[in-house]
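Here is the naming used below: chain letters follow the sequence lines, and residue numbers restart at 1 for every chain.
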Amino acid sequence: MDQKTISQDILLRMVKAFVKNEVAPYDMEIDHTRSYVNNLWSKVKENDFLSLMLPEEYGGAGFNGRTSAKVINEIAKGNASLAVTLEGHFKSVDQIVKYGNDELKNEYLPQAKNRIIAFSMTEPSGGSNPMGINSHAEKRGDKWIINGDKIMITNGGLAEIYCVLVKTAPDELSFFVVDNEMEGFEYGKQENFLGLTGVPVGEIVMNNIEVDESHLLGKVGMGKEIGDSAHDDARVLMGAVLTGIMEHELDLVTDYATHRKAIDTPIIQMQGIQRKIADIAISKETTKLLYQKAAWMKDHGQDYEEEAAMAKAYGSRSAVKAGDDSLQILGGYGYSLDYPIEHLIRDARAMEIAEGTVEKMRTAIALKEAESRA
Amino acid sequence: MKIVVGIKQVPETTNVKINEKTKNIDRRGISGVINQYDRHALEAAFEIKAKTNAEVIVMTMGPDDFVVSLQEALALGADSAVLLSDRAFAGADTLATGYVLSEAIKKIGDVDLVLLGQQSVDADTGQMGPIISEFLDISQVTYASKLDVEEGGLRIKRYLENIEQDITAKLPVLVTVTDQANDPKYVNIVEIAKSFEKEVTTWHASDLNLDADRVGQAGSPSVVRSISSPKEVVKDNYKLPDNPQDAADELVKILKDKNILVEDK
Ligand SMILES: Cc1cc2nc3c(=O)[nH]c(=O)nc-3n(C[C@H](O)[C@H](O)[C@H](O)COP(=O)(O)OP(=O)(O)OC[C@H]3O[C@@H](n4cnc5c(N)ncnc54)[C@H](O)[C@@H]3O)c2cc1C
Ligand SMILES: Cc1cc2nc3c(=O)[nH]c(=O)nc-3n(C[C@H](O)[C@H](O)[C@H](O)COP(=O)(O)OP(=O)(O)OC[C@H]3O[C@@H](n4cnc5c(N)ncnc54)[C@H](O)[C@@H]3O)c2cc1C
């Protein structure tokens, strides 16, 4: 057995045990209280989950895209919010690794072990259309002065470091890295979202934040490319989250249908129930194959934009549908706030919007199909 | 101090299936984990190491893929690891397994403390500790629920059914550890890569001073005649009345009839 396989086995053993003991038992409580109860967050940090994808040279564990996605999948089986909180951090770390200059990398990557990095594009004026943003950066001497308002940021409030999309000219988009210790940085309002309630989603306000040239991510004008790259990363990991949600649903419905009887027959023997369970299983497996393929392509330096979009577009709708079917299988219990099914539907629903709406996803897929034939 | 911890890789699931044909545990498609009690034995070793700077050597006998568990133990904090692997070891019962493990411990030499789990969760015999201590001719303490280092030895608590023992043990000693002894830590994710700087040594039969008749199937006097999973049976269902007072009265009556509840005299 080679080192890579052994490392991955050890990691997945650890993650499964961690999820079983520290995450899954608190799934409902995390949803109800909108927080990572029972010191979960400090346990996540202590065990270095934040360093999972961080390259070893910056003190990280250096696991590849596929392994990291499998970890997110396992965590989501226990609680989807925690998986999305980590997803938000990983994709942000990845962009600094990919586009940061050496000075920026040396400053922020070693800190990524303990401080969450978030990625913020959306503004009150819109998310789907990046050109519609108002935040901007102005060059004064050898400094950049940043102003603007960013909303709906995954981990907003929890994260301490932010990659922010701004305009550096009327039709020029660029990314900068700012952090919560800078003068002019303020946290704003927290969203009151329907699902993934464990994830803090919030606003930051930037008032004349002054940064060095080194805080420019990539080059001036690379905003769209970096945004797309982050989306691709995130969509693979969301495919993994959605797979985890459907695995959670399958655990619940197979257990229930095996033990619940209608007259004398366990309901799992009934064709109507079997059809629903089979469809959930097919959706789960398809989403899993899609995200693993996309992650494999990423690890091998291939263009995985389309596969990543498919994993998220297919996975999110399927998981919502799977949740609806699961609810039906559990009957009245499925409709109860005291059972987890309803929050799994709310959680999955977020992923038809976050990291690009499914409509945008389909645009990307269709254009890629045409492009590959042109 | 030199500590050897024996660990076993067992199926991840507690829902162990038996292969009807081979009468062995069906390991297909089931990934392994370190036997849970052995996690406590390892943690006990690490606690002693933290206080005394002891050297911790982790050891397992089993097929090559048990190396994952050894590497995991290294990531958790063991200093080095020994894999005992050879076709000749296949089919070993507890006696033959204990023989090979004890010969490997002799080869390491000057071992002060051997730590094992109280039992494995798959074969479940709990015999390994007593067998190895006998072969090594050292004293043994089984079912240790608390371990502390003391001048010249260990202070151990055993919580047995009706008594609690407080024991002082001189070194060398073999101790089997229960799950009450400590709270094992998770592998730290960053430590996994670093653990490959440490060494896993493989010893084959020829590396040890073994009597060929005493290893593997040939050295195993016990034969598993049959092995089966317990059947799930449901018996004696009682429907209690809805009214809580009546339900309680009825329950007390049932428990008395069964002699589970007895009148206090
Ligand atoms: C849980 C969650 C987490 C989030 N985390 C982040 C984050 O970390 N960082 C961040 O920057 N943002 C984040 N967002 C915001 C998210 O990216 C935006 O909500 C999303 O991009 C859509 O933008 P919008 O809400 O402004 O909707 P709009 O862009 O106004 O879209 C409204 C509707 O119009 C459709 N539409 C818009 N443009 C097109 C088009 N060109 N073609 C077809 N249909 C179109 C959309 O699909 C949608 O149905 C998060 C959102 C959620 C729900
Ligand atoms: C009668 C009998 C026949 C068997 N026949 C076969 C057979 O034909 N084929 C086969 O594959 N298996 C066979 N086995 C299983 C195998 O030999 C045992 O699993 C092994 O001897 C250890 O016994 P145990 O798991 O009950 O350990 P226990 O005594 O319950 O384990 C106690 C502790 O000993 C340590 N330990 C146990 N095993 C190891 C190990 N391998 N390396 C290092 N430390 C260890 C651990 O710390 C463990 O917590 C047989 C077992 C028995 C009892």
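- Note that the CD atom of B/E72 and the CG atom of A/D9 stand 9.5 Å from one another [nearest 0.5 Å].
- Around the NZ atom of B/K107, the shell of radius 6.0 Å holds more than 12 heavy atoms that belong to other residues, nucleotides or ligands.
- More than 12 heavy atoms of other residues, nucleotides or ligands shown are found within 6.0 angstrom of NZ on A/K43.
- Taking a 6.0 Å sphere around CG of B/D242, one finds it holds 12 or fewer heavy atoms contributed by other residues, nucleotides or ligands.
- The backbone N or O of B/I189 sits nowhere less than 3.5 Å from a side-chain atom of A/N47 that would complete a donor-acceptor pair.
- Each of A/I6, A/L11, A/D48 was compared with B/I192 under the side chain to side chain contact (heavy atoms under 4.5 Å, CB included) criterion, and only A/L11 meets it.
- Counting only heavy atoms from C-beta outward, the side chains of A/K113 and B/V190 approach each other to under 4.5 Å.
- Using modelled atom types and a 3.5 Å distance limit, the side chains of A/E22 and B/Y186 yield a donor-acceptor pair.
- Here the straight-line distance linking atom CD1 of A/I10 with atom OG of B/S69 works out to 8.0 Å at 0.5 Å rounding.
- Although no hydrogens or angles enter the test, the distance criterion places a donor-acceptor pair under 3.5 Å between the side chain of A/R13 and the main chain of B/G32.
- No more than 12 heavy atoms of other residues, nucleotides or ligands lie within 6.0 Å of NZ in B/K258, so this atom counts as exposed by the packing criterion.
- Between A/M1 atom CE and B/Q71 atom CD the span is 10.5 Å, to the nearest 0.5 Å.
- Only the side chain of A/F63 comes within contact range of chain B, with at least one heavy atom under 4.5 Å from a heavy atom of that chain.
- Counted within 6.0 Å of CG on B/N53, heavy atoms from surrounding residues, nucleotides or ligands total 12 or fewer; the atom is thus considered open.
- Heavy atoms of other residues, nucleotides or ligands lying less than 6.0 angstrom from CD of A/Q274 number more than 12.
- For A/Y333, the OH atom is loosely surrounded, since the number of other residues' heavy atoms within 6.0 Å does not exceed 12.
- For chain B, the nearby part of A/E56 is the side chain; its heavy atoms alone come within less than 4.5 Å.
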